[in-house]
Undergrad: 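Please find one structure pasted underneath; my questions will follow.
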Amino acid sequence: MTISAFDMNPRRPGIRVGQNRRPLGGRSKRVMDLTVALIALVLATPVMLAITLLILVTDGAPAIFSHTRVGFNGKRFACYKFRTMVANADQVLADYIANNPEAAKEWEQNWKFKNDPRITFLGHILRKSSLDELPQLINVLRGDMSCVGPRPVVPDELQRYGACAIDYLRTRPGLTGLWQVTGRDAIDYPSRVSIDSRYVRNWSMWVDVVILARTIFAVMKFDNAS
């Protein structure tokens with residue numbers, strides 16, 4: 001399923017986009033994605049099995065959570081993550097926003113909470129270490145995502161990108177990206193959008209290599225993970 005310009009924002013004709021023939025980076029970027037994802041998946045399999053077991057024991061099934069995100073040319077796909085939230089997360093979110101004006105404002109501005117009441121104890125650990133995103137290696141192998149790219153967003157969120165939506169739709173969203181190694185949650189939402197747009201406009205294979213290398217150190221900064 002794809003998103004048309006009118007699906008994105010009928011009042012913002014400036015973000016109307018044509019269909020790109022190939023994702024940013026073309027074949028060379030795809031070859032690197034497959035190579036890195038295959039190696040990483042083999043190395044991470046024991047860890048992923050252990051995390052799956054921990055989630056099932058502490059919070060029940062399912063261990064893997066999928067959520068609709070927007071990919072290249074507006075195509076929607078199921079983005080995989082280890083489940084880090086309570087089973088009734090949608091209801092908890094609705095109640096929290098309805099009963100907390102400050103939380104509603106924070107959600108509107110950042111599309112996330114600094115202290116999210118939906119996240120489980122194990123979920124906090126997984127998010128802090130970024131281990132919750134390991135299942136997205138499968139998305140990379142499937143061609144939904146790239147190892148490096150803009151942060152994958154939900155359809156409603158893309159409306160907030162304005163003219164930068166054109167840049168977002170030129171490429172596959174990434175397992176990691178420039179904003180993750182630049183400041184992660186320490187930067188505000190408009191800055192994240194701007195950083196992702198800058199990545200697309202200045203892409204090179206060398207930039208991807210540097211971001212992948214820096215991601216290792218960014219993940220090690222446990223307190224800054226998303």
Side-chain angles (χ1 to χ4, degrees), residues 22-49 51-52 63-84 111-112 123 125-154 157-158 161 167-185 187 192-193 195-200 202-222 224-226:
R22 293 193 302 171
L24 183 74
R27 182 173 298 179
S28 58
K29 184 173 173 66
R30 181 62 181 151
V31 169
M32 186 177 77
D33 284 342
L34 290 172
T35 302
V36 172
L38 281 171
I39 294 173
L41 191 58
V42 170
L43 296 176
T45 293
V47 176
M48 294 175 69
L49 290 174
I51 292 173
T52 298
I64 302 291
F65 170 80
S66 67
H67 201 237
T68 301
R69 303 292 167 126
V70 181
F72 171 64
N73 269 342
K75 181 179 179 180
R76 301 185 185 189
F77 67 95
C79 183
Y80 301 121
K81 298 181 74 172
F82 282 118
R83 184 168 65 85
T84 59
W111 216 259
K112 61 171 60 181
I125 297 174
L126 294 176
R127 287 188 172 215
K128 288 289 185 180
S129 60
S130 294
L131 292 174
D132 63 312
E133 297 177 353
L134 284 176
Q136 290 175 18
L137 289 168
I138 298 172
N139 286 118
V140 175
L141 293 178
R142 289 178 49 174
D144 301 322
M145 297 178 62
S146 176
C147 287
V148 183
R151 183 177 64 93
V153 300
V154 299
E157 192 176 358
L158 189 59
Y161 270 57
D167 295 323
Y168 179 93
L169 296 173
R170 286 178 56 199
T171 187
R172 297 182 178 99
L175 178 61
T176 185
L178 185 58
W179 81 271
Q180 286 97 326
V181 300
T182 302
R184 299 175 76 96
D185 284 357
I187 58 178
R192 295 206 309 261
V193 173
I195 288 171
D196 278 343
S197 181
R198 188 167 76 245
Y199 162 79
V200 174
N202 297 280
W203 177 84
S204 72
M205 189 63 71
W206 175 244
V207 168
D208 277 6
V209 172
V210 171
I211 290 175
L212 285 171
R214 291 180 60 185
T215 296
I216 299 174
F217 297 99
V219 169
M220 291 172 63
K221 295 181 179 179
F222 202 77
N224 287 334
S226 65

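The figures that follow rest on heavy atoms only: side chains count, while hydrogens, waters and symmetry mates do not.
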Undergrad: Would you sort out whether Arg198 and Asp167 count as a side-chain contact (heavy atoms from CB on, under 4.5 Å), showing the intermediate values?
TA: CA-CA 9 Å; Arg198 188 167 76 245; Asp167 295 323; over 6 Å; no
Undergrad: Quick one: which of Arg142, Met145, Arg172 gives a side-chain contact (heavy atoms from CB on, under 4.5 Å) with Phe77?
TA: Met145
Undergrad: Work out which heavy atom in Val154 is nearest to a heavy atom in Thr68; give both atom names and the distance.
TA: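 What the structure gives for the nearest pair is CG1-O, 3.7 Å.
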Undergrad: Report yes if the side chains of Met48 and Leu41 come closer than 4.5 Å at any heavy-atom pair, otherwise no.
TA: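 Yes - at least one pair of side-chain heavy atoms lies under 4.5 Å apart.
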Undergrad: Taking all non-hydrogen atoms of both residues into account, name the closest pair between Ala37 and Val140 and its distance.
TA: CB-CG1, 3.7 Å
Undergrad: Work out which heavy atom in Pro152 is nearest to a heavy atom in Tyr168; give both atom names and the distance.
TA: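 In terms of heavy atoms, the two residues are closest at CA-OH, 3.5 Å.
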Undergrad: Once you round to the nearest 0.5 Å, how far does CH2 of Trp203 lie from CD1 of Ile211?
TA: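 Taking CH2 in Trp203 and CD1 in Ile211, the distance rounds to 11.0 Å.
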Undergrad: Given side chains that start at C-beta, do those of Val200 and Pro150 come closer than 4.5 Å, heavy atoms only?
TA: yes
Undergrad: Which heavy atom in Gly149 sits nearest to a heavy atom in Asp196, and how many Å separate them?
TA: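 Residues Gly149 and Asp196, closest heavy atoms: O-OD1, 4.4 Å.
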Undergrad: Hey, mind stepping through Val42 and Leu38 against side-chain contact (heavy atoms from CB on, under 4.5 Å) and telling me if it holds?
TA: CA-CA 6 Å; Val42 170; Leu38 281 171; 5.7 Å; no
Undergrad: Rounded to the nearest 0.5 Å, what separation is found between the OG1 atom of Thr84 and the CZ atom of Phe65?
TA: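 These two atoms lie 8.0 Å from each other.
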Undergrad: Distance check, rounded to the nearest 0.5 Å: Ile64 atom CD1 versus Leu134 atom CG?
TA: 9.5 Å
Undergrad: Taking the side chain as every heavy atom from C-beta outward, state whether Phe82 and Thr52 have any pair of such atoms under 4.5 Å apart.
TA: yes
Undergrad: So, taking the atom named CG in Asp132 and the one named NZ in Lys81, what distance separates them when rounded to the nearest 0.5 Å?
TA: 4.5 Å
Undergrad: For a quick test of reading the model, state the closest non-hydrogen atom pair linking Cys79 to Arg69 and the distance between them.
TA: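 Nearest pair, atom of Cys79 first, then Arg69: CB-CG, 3.4 Å.
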Undergrad: Measuring only between side-chain heavy atoms, which start at C-beta, is Tyr199 closer than 4.5 Å to Leu24?
TA: yes
Undergrad: Nearest 0.5 Å, what's the CD1-CD distance between Ile195 and Gln180?
TA: 9.5 Å
Undergrad: side-chain contact (heavy atoms from CB on, under 4.5 Å) for Val70 and Glu157? Distances and angles first, verdict last.
TA: CA-CA 9 Å; Val70 181; Glu157 192 176 358; over 6 Å; no
Undergrad: Looking only at non-hydrogen atoms, find the nearest pair between Val36 and Leu212 and report the distance.
TA: CG2-CD1, 4.3 Å
Undergrad: Nearest 0.5 Å, please: how far is NZ in Lys128 from CG in Leu126?
TA: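 So the gap between those two atoms works out to 12.5 Å.
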Undergrad: Side-chain contact test, heavy atoms from C-beta onward, threshold under 4.5 Å: evaluate it for Leu158 versus Leu169 and give yes or no.
TA: yes
Undergrad: Does Asp144 offer a backbone N or O that forms a donor-acceptor pair with the side chain of Lys75 under 3.5 Å?
TA: no
Undergrad: Got Leu141 and Leu34 here, is their nearest side-chain heavy-atom distance under 4.5 Å?
TA: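 They are in side-chain contact.
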